[in-house]
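The block underneath contains the structure these notes are about, expressed in structure tokens.
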Amino acid sequence: MAIAMKTLILPLLDANPGKLEALESTEALFSQMVQFYLNILLTTPLFWDTVVKVDPATGEILSERAPTSKDILTRLEFVTVSTPAHTHPSYPLSNVPGAEDAPVVFRRAAINRAIGIAKSYRANRKRWESLPEHRRGKAPAIPTVRSMPVTLYQGMGLLVREETRSFLRVKVWDGQSWRFEGYPVAIAPYQRTMLAIAETEQARLDAVRAEARMIKKAGRDEEAQTLLATEGRQQDGIPVMESGTLFHDGKRWRFHVPLATPIRVKRAKDQLAENPDLPVTTVDLGVNNLAVAVAFHGAKVKGTLFVPGRPHEQRRFRRLQAIAVRQRKTGGRPKRQANHRIWEHLKHREDAIAHQVARQIVDFAKRHGSRVIVFEALSRMKNPKRTGWMKRQNLRRSYWMRGKIMRWVRHMALHEGILVVTRDAQFTSQACPRCGHLGARFCEATRHHRRGKDVFRCYACGWGGNADLVGALNLRKKWLKIFPSIATLRHEQQIREAQGKVTTRRKNRNVKATKTGPNRTVA
């Protein structure tokens with residue numbers, strides 16, 4: 001089962017200054033508590049020790065496992081919270097003013113946030129240490145919490161919707177005590193509809209669970225378990241509200257409401273095993289075309305989609321050129337926040353285009369009934385040598401654009417019950433989709449072999465077509481594991497190079513050889 005997440009952003013309307021100051025104090029306290037727990041996790045390795053299960057009779061170790069987030073939370077509460085049985089914890093919460101009186105759910109929200117940050121830092125540090133010294137670069141910095149959005153677990157906040165008004169009832173810290181305050185919230189009509197559906201589903205689940213508890217108290221455990229298994233599950237495609245987050249974007253406060261929607265789909269390989277003619281859409285991401293998608297039903301092509309990318313590449317290059325000109329005029333290193341508006345415009349435009357392209361791909365796959373979308377696995381960008389600043393920046397942002405498109409497609413497709421998988425892209429744009437032998441991309445106007453040009457021609461059978469379309473056609477063979485052997489294609493490539501013929505391999509780009517195309521012969 002997969003969980004599709006969607007977040008509704010509800011802006012808080014203007015309130016009196018006292019209420020806003022209480023929100024700021026609550027956020028400041030939450031950030032201090034997160035930093036307090038984070039320091040403990042990063043300085044005390046005992047919290048990450050394995051959990052050992054021991055037989056109490058014999059003292060024999062039965063099992064060992066890595067600690068879960070719940071285990072770490074329990075350990076942190078033991079060493080920080082004062083109880084009648086444990087009056088002197090090792091790290092008392094009294095070190096943070098107001099933290100001792102904080103509600104339990106507020107404290108646990110801060111602990112969970114600190115655990116997530118600590119896990120991320122430890123993973124990055126481990127990855128950095130595993131690299132060779134010449135590839136390490138700068139070590140990951142120890143995280144510091146300055147301003148952290150407040151997570152509102154059940155009991156800390158309640159969204160109240162009425163016909164004439166809506167408000168958020170939050171328990172806040174004003175610096176002296178905890179109290180509940182109401183904040184007006186703006187909710188759009190479509191958001192009201194989604195929230196009403198989520199609240200109805202949550203009420204149904206709560207009623208079923210309450211009934212199961214009553215049955216269990218009566219001694220009918222099996223009947224209670226059957227009721228929970230049949231009626232106590234969240235329905236497919238119906239969202240339920242999760243814990244919200246209070247976020248300040250620098251101008252105003254917003255309440256982020258995540259909606260979790262369960263989508264129960266089988267794994268891609270299981271669907272293929274059940275149906276060999278499974279409808280599939282393959283997508284090749286490039287430069288001349290941002291995306292080329294091909295819809296298959298079995299071995300038949302049911303449709304193609306071309307999303308042009310050259311205009312966007314040229315527009316981006318002009319923006320980078322404007323930045324370079326302005327930096328050249330200043331002479332020397334640019335100042336902080338220089339060209340800020342141009343960079344922001346460039347970023348927002350690329351985000352918008354990636355969103356639009358992803359929407360087109362998902363709609364195309366849905367229209368042709370595809371259950372799986374196959375992308376080429378994006379590897380690290382190869383750093384071009386002897387190129388100017390603008391070309392490097394343009395190439396880097398082109399790679400970023402492909403990653404954004406893939407992330408958006410994965411997110412949107414999940415809501416439609418479509419899975420996204422990746423396959424190795426090696427030789428997908430150089431092998432002929434008809435016969436499987438080696439071919440080449442070239443420029444139709446000049447007949448020169450250049451990487452990234454628009455036409456493909458096979459050396460063996462003479463088949464020709466759009467170069468970006470070739471990659472999408474070959475991705476289906478990668479998906480079905482019927483693609484020609486990589487060793488065979490590499491051997492063909494070496495034979496052509498030994499004969500003095502140019503191929504598209506980067507290693508031999510500077511080798512002097514006679515250029516040969518589909519209509520040329522070796523001199």
Problem - Nearest-0.5 Å distance, CZ of residue Arg264 to CD of residue Gln235 - result: 9.5 Å

Exercise for the section: To the nearest 0.5 Å, tell me how far Leu38 CG sits from Gln35 CD. Expected result: 5.5 Å

Practice task
For atom CZ of Arg233, decide whether the heavy atoms of other residues, nucleotides or ligands shown that lie under 6.0 angstrom number more than 12.
Solution key: no

Problem - Atom of Ala365, atom of Ile373 and distance for their closest heavy-atom approach - result: CB-CD1, 3.9 Å

Practice task
Taking atom types as modelled, find out whether Arg359 and His355 have a side-chain donor-acceptor pair closer than 3.5 angstrom.
Solution key: no

Completion exercise
dist Glu313:CD -> Met401:CE (nearest 0.5 Å) comes out at 7.5 Å

Exercise for the section: Measure the CG-CD1 distance between Asp49 and Ile72 for me, rounded to the nearest 0.5 Å. Expected result: 10.0 Å

Exercise for the section: Please work out which of the three classes, parallel, tilted or perpendicular, describes the rings of His411 and Trp408, given edges at 30° and 60°. Expected result: perpendicular

Problem - Cation-pi check, Arg367 onto Phe364 ring (under 6.0 Å, within 45° of axis) - result: no

Exercise for the section: Take Leu419 and Gln271 through the test side chain to side chain contact (heavy atoms under 4.5 Å, CB included) and record every step on the way to the result. Expected result: CA-CA 10 Å; Leu419 296 179; Gln271 295 186 51; 3.8 Å; yes

Handout entry: Approximate separation, where rounding is to 0.5 Å, of Leu475 CG and Thr281 OG1
Key = 11.5 Å

Exercise for the section: State whether the number of non-hydrogen atoms from other residues, nucleotides or ligands found under 6.0 Å of Arg65 atom CZ is greater than 12. Expected result: yes

Practice task
Look only at the side chain of Arg254 and the backbone of Ile9, and say whether a donor-acceptor pair between them is shorter than 3.5 Å.
Solution key: no

Practice task
Flag the pair Glu201 and Arg204 as a salt bridge only when some basic side-chain nitrogen lies within less than 4.0 angstrom of an acidic carboxylate oxygen.
Solution key: yes

Practice task
Give a yes or no answer on whether the side chain of Asn124 reaches the backbone of Tyr121 with a donor-acceptor pair at less than 3.5 Å.
Solution key: no

Handout entry: His312 to Ile353 - nearest heavy-atom pair and separation
Key = ND1-CD1, 3.0 Å

Problem - side chain to side chain contact (heavy atoms under 4.5 Å, CB included) between Val257 and Gln191, worked out - result: CA-CA 10 Å; Val257 184; Gln191 293 175 333; over 6 Å; no

Problem - Carboxylate-amine/guanidinium proximity below 4.0 Å for Asp351 and Lys347 - result: yes

Exercise for the section: State whether the side chain of Thr428 and the backbone N or O of Asp424 hold a donor-acceptor pair below 3.5 Å, judged by distance alone. Expected result: no

Exercise for the section: Give a yes or no answer on whether the side chain of Trp48 reaches the backbone of Leu41 with a donor-acceptor pair at less than 3.5 Å. Expected result: yes

Handout entry: Crowding at NZ, Lys366 (>12 non-hydrogen neighbours, <6.0 Å)
Key = no

Practice task
Look only at the side chain of Glu492 and the backbone of Leu438, and say whether a donor-acceptor pair between them is shorter than 3.5 Å.
Solution key: yes

Handout entry: Cationic tip of Lys477 above Phe483 ring, under 6.0 Å, 45° of axis
Key = no

Exercise for the section: Check the pair Phe317 / Lys391 against side chain to side chain contact (heavy atoms under 4.5 Å, CB included), numbers first and verdict last. Expected result: CA-CA 8 Å; Phe317 193 80; Lys391 288 186 177 181; 4.3 Å; yes

Problem - CZ (Arg267) with more than 12 external heavy atoms under 6.0 Å - result: no

Practice task
Could you tell me whether Arg316 atom CZ has more than 12 heavy atoms of other residues or ligands within 6.0 Å of it?
Solution key: yes

Exercise for the section: Using atom types as modelled and distance alone, determine if a side-chain donor or acceptor of Ser485 lies under 3.5 Å from a backbone N or O of Ala487. Expected result: yes

Completion exercise
Between the CG atom in Leu73 and the CD1 atom in Ile115, the distance rounded to the nearest 0.5 Å is 5.0 Å

Handout entry: Check: Arg476 side chain, Ala295 main-chain N or O, donor-acceptor pair, under 3.5 Å
Key = no

Handout entry: Ile495 atom CD1, over 12 foreign heavy atoms within 6.0 Å
Key = yes

Exercise for the section: State whether the side chain of Gln234 and the backbone N or O of Ala260 hold a donor-acceptor pair below 3.5 Å, judged by distance alone. Expected result: yes

Exercise for the section: Applying side chain to side chain contact (heavy atoms under 4.5 Å, CB included), run through Leu259 and Met241 and close with a yes or a no. Expected result: CA-CA 5 Å; Leu259 300 180; Met241 282 178 52; 3.5 Å; yes

Handout entry: Main-chain N/O of Arg127 paired to Ser130 side chain as donor or acceptor, under 3.5 Å
Key = yes

Handout entry: Minimum-distance pair of heavy atoms, taken over all atoms of Asn474 and Pro433
Key = OD1-CA, 3.5 Å

Handout entry: Ionic contact status for Arg125 with Glu129, cut-off 4.0 Å
Key = yes

Problem - Donor-acceptor contact present, side-chain Ser243 to main-chain Tyr153, <3.5 Å - result: no

Practice task
Start with the C-alpha distance between His345 and Arg341, add both sets of side-chain angles, then the distance that settles side chain to side chain donor-acceptor pair (under 3.5 Å), and finish with yes or no.
Solution key: CA-CA 6 Å; His345 177 82; Arg341 290 188 177 182; over 6 Å; no

